[in-house]
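Every number for a ligand or one of its atoms is a count from 1 in the order of the listing.
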Amino acid sequence: MNSTPSLSGQSALVTGADSGIGKGVALALAQAGARVVINYAHNKDAADATVNEITAAGGEAFAFQADVSHEAEVQAMFAEMFNQYGTIDILVNNAGLQKDSKFVDMTLDQWNTVININLTGQFLCSREAAREFIRRGVVEVRSRAAGKIICMSSVHEVIPWAGHVNYAASKGGISMFMKSIAQELAPHKIRVVGIGPGAIQTPINKAAWDTPEALDKLLTLIPYNRIGKPEDIGKLVAWLASDDADYITGTTIFMDGGMTLYPGFADNG
Ligand code: BGC
């Protein structure tokens, strides 16, 4: 028996779905039966490749370029999604980046870019999705919820990260953003859930896993002793978006091989 929860008939938008975690999420949602908008910022070829992988497997998807920190581009993306798919059932706020620097050397541009994409992007996309969920309401044949918003956060919503204060601040912000809109939207039958991935093998952290030495060092932070894969997160998103998770809202699920367990204390303290 295939235990994958069915999302058939539902429409999903995944931001930053041309690579990394976003791509893994888009593939998993399509496999569960959802139609998926593959948002990307720059890499059209990679976004098209994600679409092709989905359609080759019998799924439905299209790619759309939009910078999630630009209001007009976000609104144009939702308009095109409604034009092609009629509505939205699942939003995955995944687009994010790092612009690392020592705090004292960090430029305002490095700060603003990360806050704008990682945090303001989630605000702009969630607002458009919530407006549509409220307008349309619950469609029971598809889901018990009027809509689901999944906010990609990080273990760095709780683990401080020297040299990455813009990134950690954006993820801490996502935590309270997610909880506050979950509280406001629950009466509308809209669920909002965060995911806190640990180290997942993607381009964003390539330097941390692409040599045996780097990987060994990284694994000292992961009690479960393996790096995560985009498909780990993809399966979690497909489940969280399904009615099997209908009673979950306003919380972050950490998926990190134990990175948030303070591994430095295993033989110290
Ligand atoms: C960061 C990665 C990092 C991981 C664990 C993620 O949110 O984007 O670069 O490897 O957290 O520290």
So do the side chains of K23 and L27 get within less than 4.5 Å of each other, counting heavy atoms only?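 A side-chain contact exists here, since the closest heavy-atom pair is under 4.5 Å.
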For Q84, does the CD atom sit with more than 12 other heavy atoms under 6.0 Å from it, leaving out its own atoms?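 Counting other residues, nucleotides and ligands, CD of Q84 exceeds 12 neighbours.
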CG of D232 to CZ of R226, rounded to nearest 0.5 Å, is 4.5 Å
Taking atom types as modelled, find out whether E157 and T252 have a side-chain donor-acceptor pair closer than 3.5 angstrom. yes
Just checking, is any N or O donor in the side chain of N118 or S170 under 3.5 Å from an acceptor N or O on the other one?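 A donor-acceptor contact under 3.5 Å links the two side chains.
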Donor-acceptor contact below 3.5 Å, side chain N94 vs main chain G16: yes
Return a table of N or O atom pairs, ligand 1 on one side and protein on the other, at distances under 3.5 Å, rounded to 0.1 Å.
{"residue": "ligand 1", "atom": "7 (O)", "partner": "S154", "partner atom": "OG", "Å": "2.7"}
{"residue": "ligand 1", "atom": "7 (O)", "partner": "Y167", "partner atom": "OH", "Å": "2.5"}
{"residue": "ligand 1", "atom": "8 (O)", "partner": "Q98", "partner atom": "OE1", "Å": "2.7"}
{"residue": "ligand 1", "atom": "8 (O)", "partner": "Y167", "partner atom": "OH", "Å": "2.9"}
{"residue": "ligand 1", "atom": "9 (O)", "partner": "Q98", "partner atom": "OE1", "Å": "2.6"}
{"residue": "ligand 1", "atom": "10 (O)", "partner": "N205", "partner atom": "ND2", "Å": "3.3"}
{"residue": "ligand 1", "atom": "12 (O)", "partner": "H156", "partner atom": "NE2", "Å": "2.7"}

